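Protein chains get the first letters and strands the later ones, always in sequence-line order, with residue 1 at the start of each. Keep in mind the model is a prediction, meaning the values are calculated, not measured.
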Number of protein chains: 2
Amino acid sequence: METATANPKTAEETRLNRAFAALSDPLRRRLVARLAQGDATVNELAEPFAVTLQAVSKHLKVLEEAGLITRSRDAQRRPCHLDAAALGRLTAWLDGYRQLVEERYERLDALLASEEHHHDHDQDHPGQR
Amino acid sequence: METATANPKTAEETRLNRAFAALSDPLRRRLVARLAQGDATVNELAEPFAVTLQAVSKHLKVLEEAGLITRSRDAQRRPCHLDAAALGRLTAWLDGYRQLVEERYERLDALLASEEHHHDHDQDHPGQR
DNA sequence: GTTTTATTCAACCAAATCGTTGATAAACAG
DNA sequence: CTGTTTATCAACGATTTGGTTGAATAAAAC
């Protein structure tokens, strides 16, 4: 599969860099959570938080440059819209690696089970280890 | 910075904070990618990169404190193991919000379709972008 | 014992990050 | 035009981050 190996700088990796970096800030993640409920302007987004409007404006710029949100225009307002596809790219990255780990785990399980020829207990996946 | 006093900040949120922050660094994500292929020691992990062993050691500490990896012991070595469940928690967070956005989008689509009484121009929906 | 291997700790430094205040721009309302 | 709302830009300071080198620890090998 794709799974960017040791490539120096693909555009895709740059995009992931920006997106994960954007989500590393708790306030930005709360903005994302808020935007999941519906589009909102900068003022609306800033209102619940104990920071200045300028700080929120900066955070939104980061989210926008990371491709996580898009912005339109309504008079003086600039409503923000959360981009579902961008979130999907992040889950795809994470889930690809998660699946690799689980596959390896299952193969190890199978190996252990096959080598245990004097027992035969069911080796079902145990949810959380 | 968020107020520590007025905000209870659940343990779950703290865990997400650490995990997303851990993944915000490109080198740490490459370590994760490497560990998805199989467990590895600090030396093995550091070898492909142009940074010192100590730098990688620090990064691994961050990943460990974020719960993304666990570590065992084999003589002087401390092999790292990628935690699939931790990756799963991140995808769950992202995907929850992604689904909210898509549901809202679909409802808006349906509303627009039902209100179209004098036109019938096709409202194309952009599947993947 | 001494030395080698594997990893971490400690101190330090440059650069990035996050927040602030103050000024500016753009679109409206009067 | 004057003033208000909405949002951004610019400069600054405090803190965090990611890297380095050098010393320290722990287990193994000699």
State, to 0.1 Å, how close B:Tyr97 and A:Ala33 come at their nearest heavy-atom pair, and which atoms those are. OH-CB, 3.3 Å
Between C:dT20 (C1') and A:Phe49 (CZ): distance, integer Å: 18 Å
Once salt bridge (charged side-chain N to carboxylate O under 4.0 Å, His left out) is applied, do any residues pair with B:Glu47, and if so which ones, sequence neighbours excluded? none
What nucleotide among C:dG19, C:dT20, D:dA28 has an atom nearest to a side-chain atom of A:His59? C:dG19
Tell me whether B:Arg18 at atom CZ has more than 12 heavy atoms from other residues, nucleotides or ligands lying less than 6.0 Å away. no
Within one Ile-Leu-Val-Met-Phe-Trp-Tyr cluster: B:Val62 and B:Ile69, side-chain cutoff 4.5 Å: no
A:Asp74 CG to C:dA27 P, straight-line distance once rounded to whole Å: 12 Å
Output yes when at least one side-chain N/O atom of B:Thr52 is less than 4.0 Å from OP1 or OP2 of D:dG19, else no. no
In Å, rounded to the nearest 0.5 Å, how long is the span from CD of B:Gln99 to CG of A:Leu87? 11.0 Å
Table of protein N/O atoms under 3.5 Å from nucleotides 4-10 of chain D N/O atoms:
residue : atom : partner : partner atom : Å
D:dT5   : O2   : A:Gln76 : OE1          : 2.9
D:dA7   : OP1  : A:Val42 : N            : 3.4
D:dA7   : OP1  : A:Arg78 : N            : 3.2
D:dA7   : OP2  : A:Asn43 : N            : 2.8
D:dA7   : OP2  : A:Asn43 : ND2          : 2.8
D:dT8   : OP1  : A:Arg71 : NH1          : 2.7
D:dT8   : OP1  : A:Arg71 : NH2          : 3.3
D:dT8   : OP2  : A:Ser57 : OG           : 2.4
D:dT8   : O5'  : A:Ser57 : OG           : 3.4

Residue mapping more 5' on DNA chain C - nearest nucleotide basis, A:Ala75 or A:Asp25: A:Asp25
B:Glu12 and B:Arg15 ion-paired at < 4.0 Å: yes
